[in-house]
Amino acid sequence: MHLIERIFLLGYLMIVALFFVCGIGLIVLAGIETWQALNPFHPAPAQDRFDVLLECIGLLTIAVASLELGQTVLEEEIQRSANISAPTRVRRFLSRFLIVVVVALSVEALIGVFKFVNGSPQYLPHAASVGLAAAAILATWGVFIRMNTEAEKLEPEAMREVKAEDDKIDGDVQGDPSTKYAPVHSEELPEGHKHEPDPQDSSRDRDDGPADEHKK
């Protein structure tokens with residue numbers, strides 16, 4: 001099992017590296033295209049230069065998506081080890097992925113409108129369909145977040161594990177860093193759920209009790 005986990009880790013590392021290489025390659029291509037569009041010594045009409053710049057924006061948008069996806073895989077699959085079945089982890093992983101998709105589709109729809117509005121208006125419905133797809137994904141994403149939030153309340157232990165791991169990675173641990181789970185506030189618990197005290201806290205209180213009495 002340990003060997004299989006290492007193989008998966010190696011695969012994720014390769015995916016992150018390829019995402020990074022593809023993003024950098026798209027940035028380089030966008031830079032080359034931008035120079036060709038702005039080169040004053042290259043004879044080209046302004047409309048062609050405008051189309052090239054729009055294509056550069058599209059390349060940069062895909063580059064941002066590639067880099068963001070690589071960062072998401074790095075942080076969620078390599079740096080963090082909490083079970084992906086935890087509702088909090090699923091919501092955050094999908095949210096980061098869908099943010100990239102929605103932004104990329106929105107930018108592509110905007111580029112299509114600018115590109116076709118003067119030269120080829122018959123293709124405007126195609127650009128509009130891309131915008132509608134982005135809107136549909138955004139609306140579905142909102143419904144998913146609403147439903148997943150209710151699921152998070154049913155698993156406060158998984159939420160504590162995810163929060164504790166985030167604090168450890170981000171370097172924002174408050175209190176005793178040896179505590180396994182981050183504290184769960186009462187408003188995060190579902191109705192009728194009894195919050196069980198942390199056994200570590202109770203054992204710590206028992207250990208501190210005699211010492212405090214000795215000090216008195």
Side-chain angles (χ1 to χ4, degrees), residues 1-35 54-112 126-127 129-149 151-152 155 157-173 180-182:
M1 183 62 67
H2 187 66
L3 178 61
I4 296 177
E5 291 180 354
R6 286 186 173 273
I7 294 176
F8 274 103
L9 180 61
L10 179 61
Y12 284 128
L13 287 174
M14 293 177 62
I15 291 173
V16 171
L18 290 176
F19 267 128
F20 178 77
V21 171
C22 292
I24 296 300
L26 290 172
I27 294 174
V28 172
L29 292 178
I32 296 174
E33 292 290 332
T34 302
W35 168 247
L54 288 180
E55 292 178 359
C56 292
I57 295 175
L59 291 175
L60 292 176
T61 302
I62 301 175
V64 171
S66 178
L67 295 176
E68 181 63 28
L69 290 176
Q71 183 180 5
T72 300
V73 174
L74 175 64
E75 294 181 357
E76 300 295 338
E77 298 293 347
I78 298 176
Q79 293 182 343
R80 293 177 171 86
S81 60
N83 193 349
I84 192 65
S85 63
T88 304
R89 178 58 46 78
V90 174
R91 173 177 56 82
R92 184 173 59 191
F93 185 85
L94 291 181
S95 295
R96 295 185 62 175
F97 174 75
L98 290 178
I99 286 174
V100 177
V101 174
V102 170
V103 172
L105 289 178
S106 301
V107 174
E108 288 296 330
L110 187 62
I111 292 175
H126 299 279
S129 63
V130 176
L132 291 176
I137 294 176
L138 184 60
T140 308
W141 176 33
V143 174
F144 167 76
I145 291 178
R146 176 62 180 176
M147 299 177 65
N148 188 261
T149 303
E152 290 178 1
E155 298 185 14
E157 294 81 8
M159 187 184 301
R160 287 193 298 172
E161 185 177 353
V162 172
K163 288 183 178 180
E165 193 175 45
D166 292 340
D167 291 339
K168 181 179 179 181
I169 292 177
D170 297 336
D172 296 331
V173 178
K180 182 178 180 181
Y181 297 121

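Along the sequence shown, residues carry numbers from 1.
At least one donor-acceptor pair under 3.5 Å links the side chain of Thr61 to the backbone N or O of Ile57. Between the side chain of Ser129 and the backbone N or O of His126, at least one donor-acceptor pair lies under 3.5 Å.
Across all non-hydrogen atoms, the minimal contact from Cys56 to Glu33 is SG-CB, 3.1 Å. For Cys22 against Ser66, the heavy-atom pair with the smallest separation is CB-OG, 3.9 Å. Contact between Leu105 and Ala134 at its shortest, heavy atoms only, is CB-CB, 3.8 Å. Minimum interatomic distance between Ile137 and Leu98 (heavy atoms only, all atoms of both residues): CG2-CD2, 4.0 Å. When every heavy atom of Gly58 is checked against every heavy atom of Ile111, the shortest pair comes out as N-CD1, 3.5 Å. Of all heavy-atom pairs between Ala109 and Ala127, the closest is CB-O, 3.6 Å.
Within the 4.5 Å cutoff, side-chain heavy atoms of Phe20 are placed close to those of Leu67. The shortest side-chain heavy-atom distance between Leu69 and Val73 does not fall under the 4.5 Å cut-off. Between Ile99 and Trp141 the shortest side-chain heavy-atom distance falls below 4.5 Å.
Distance check: Ile27 CD1 to Ile62 CD1 gives 12.0 Å after rounding to the nearest 0.5 Å.
Other residues, nucleotides and ligands place no more than 12 heavy atoms under 6.0 Å from the CZ atom of Phe97.
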